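Naming convention: chains lettered A, B, ... in sequence-line order (proteins, then strands); numbering from 1 in each chain. Quick caveat, the model's predicted, so the values are computed rather than measured.
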There are 2 protein chains.
Amino acid sequence: MTRVLVVEDEPQIVRALVINLKARRYEVDAAGDAATALELAAARHPDVVVLDLGLPDMDGVEVIRGLRGWTRVPIIVLSARHSSDEKVEALDAGADDYVTKPFGMDELLARLRAAVRRAEPVAGGGEEEVVVETDGFLVDLAAKKASRAGRDVRLTPTEWHLLEVLVRNTGKLVSQKQLLQEVWGPSYGTETNYLRVYMAQLRRKLEADPSHPRHFITEPGMGYRFEK
Amino acid sequence: MTRVLVVEDEPQIVRALVINLKARRYEVDAAGDAATALELAAARHPDVVVLDLGLPDMDGVEVIRGLRGWTRVPIIVLSARHSSDEKVEALDAGADDYVTKPFGMDELLARLRAAVRRAEPVAGGGEEEVVVETDGFLVDLAAKKASRAGRDVRLTPTEWHLLEVLVRNTGKLVSQKQLLQEVWGPSYGTETNYLRVYMAQLRRKLEADPSHPRHFITEPGMGYRFEK
DNA sequence: CCGAGCCTTGACGCCTCCTTGACGGACGCC
DNA sequence: GGCGTCCGTCAAGGAGGCGTCAAGGCTCGG
């Protein structure tokens, strides 16, 4: 299902958007300010963001920059400002589209469909593997299920998130900073103790011999790597 | 250079667009009708299409469909029609953006930049040469993996950094000062002993005969050079 | 209101990596 | 032929990174 993050501080507009989006089978998260928006974006990985520029706590363009620091998720800007400069600034900061209020719901939804569509992976080539199997354990990212030696293993949300990033980059080194920012959010980049704790938990739950990991490999000073 | 295909039948608008685009170093093709547009698109493979819906010979939406049959090139629609239905139809047919006339040139150009930007290759799609192979060893800079004779070789962060600088300048001489400053920082320029130690380690880990290096070559008094 | 997970945070021991010094060989200059 | 310079090699020390454990606080559901 497509996940939409709505960032808007006017409750009526939020309500209208949420109702319309849910009716069309989108999964919707909503944030009323910039801080919550950035947090939710990091936690939920939306497929598209609808962003009002007039937020109470931060300039909307800063939100765009904050998102663009780590993700290419499509951003559709909503704004009451008609000025050309505002549009240019938002678009050049990394927005994908700019819709002025008042807006027609049909048009917004069409623009949203267009944004989601073009972000889709190319047919055929974009099929990503969601089930990963190693000699010791099995992970199904889509079903959020993991098992070792036939027995189901329970993972916490953070553990899943971390595992997901590693598995999506199977064989490639993922830097500590990238892991931290993708799992904990853009403002985290140095708290490597989080990584140490959660890597240990993943290993304890999935590796046959947690103290001699064969799949979750540490590259000292650089990051971690998942190997089948 | 970015190539733009302008599809528009009003000569003044064509002229304004062409002048503005060329001034910004875009390469511009122009078509006055749908047939020419489809032909030019096929022949020239533009990076983005600016498409007026009001063409003399064919409905603009048909042009969108015609293009979408074989390409995902970004399409920005220009139209005098403000109706919501028109926008929805064009966007759902495959357009990326919809700008109503009269339009501001700044805004159009910003939307064009946005369209081009997001069409840019994703990391991994825009093949930069990151895998280097010699007769004796193999280096993957993106995955941070190196192997010799089929066996993985572990390199430390500093070793990677040094290797990266050398590989990026394959065949070219890199001065000691440049290496020191790129790897150890701007304030290091004379500590050539660091280089000696780390070049030795790279050779020991990657060269078949470390004492007679064939790929990491010393240019006495000047610097080092990496050769495939 | 209580309890169960879950996330955060701190402490500690081990291990890796970077730095640094010493030594020997090759080469060129005097 | 002696000397100085530059480079390669080796080993030891210290600093910082990493794995591990456990306690505290938070949120959510009962």
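OP1 or OP2 of C/dC18 has at least one side-chain nitrogen or oxygen of B/T158 nearer than 4.0 Å. Between A/T192 and D/dG17, a side-chain N or O to OP1/OP2 separation shorter than 4.0 Å is absent. For C/dC18, the OP1/OP2 oxygens have no side-chain nitrogen or oxygen of B/W184 closer than 4.0 Å. Residue B/Q201 places none of its side-chain N or O atoms closer than 4.0 Å to OP1 or OP2 of D/dG8. Contact annotation: B/S211 side-chain N/O to D/dT9 OP1/OP2 distance is not under 4.0 Å. Of the side-chain N and O atoms in A/T156, none sit less than 4.0 angstrom from OP1 or OP2 of C/dC6. Note on A/Y224: every side-chain N or O is 4.0 Å or more away from OP1 and OP2 of D/dG17.
Aromatic ring orientation, A/F137 versus A/H215: perpendicular (interplanar angle above 60°, classes split at 30° and 60°).
The aromatic ring centroids of B/H45 and B/W70 lie less than 6.0 Å from each other.
Heavy atoms of A/R204 sit nowhere under 4.0 angstrom from any nucleic acid atom. Looking at heavy-atom distances under 4.0 Å, B/R203 makes contact with sugar-phosphate atoms alone, never a base.
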Dot-bracket for DNA chain D, please, read 5' to 3', with Watson-Crick or G-U wobble pairs under 3.5 Å on both distances, ( ) within the strand, [ ] crossing, | other strand, . unpaired. ||||||||||||||||||||||||||||||

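When distances are taken from the side chain of B/R196 to each of C/dT19, D/dC7, D/dC18, the shortest belongs to D/dC7.
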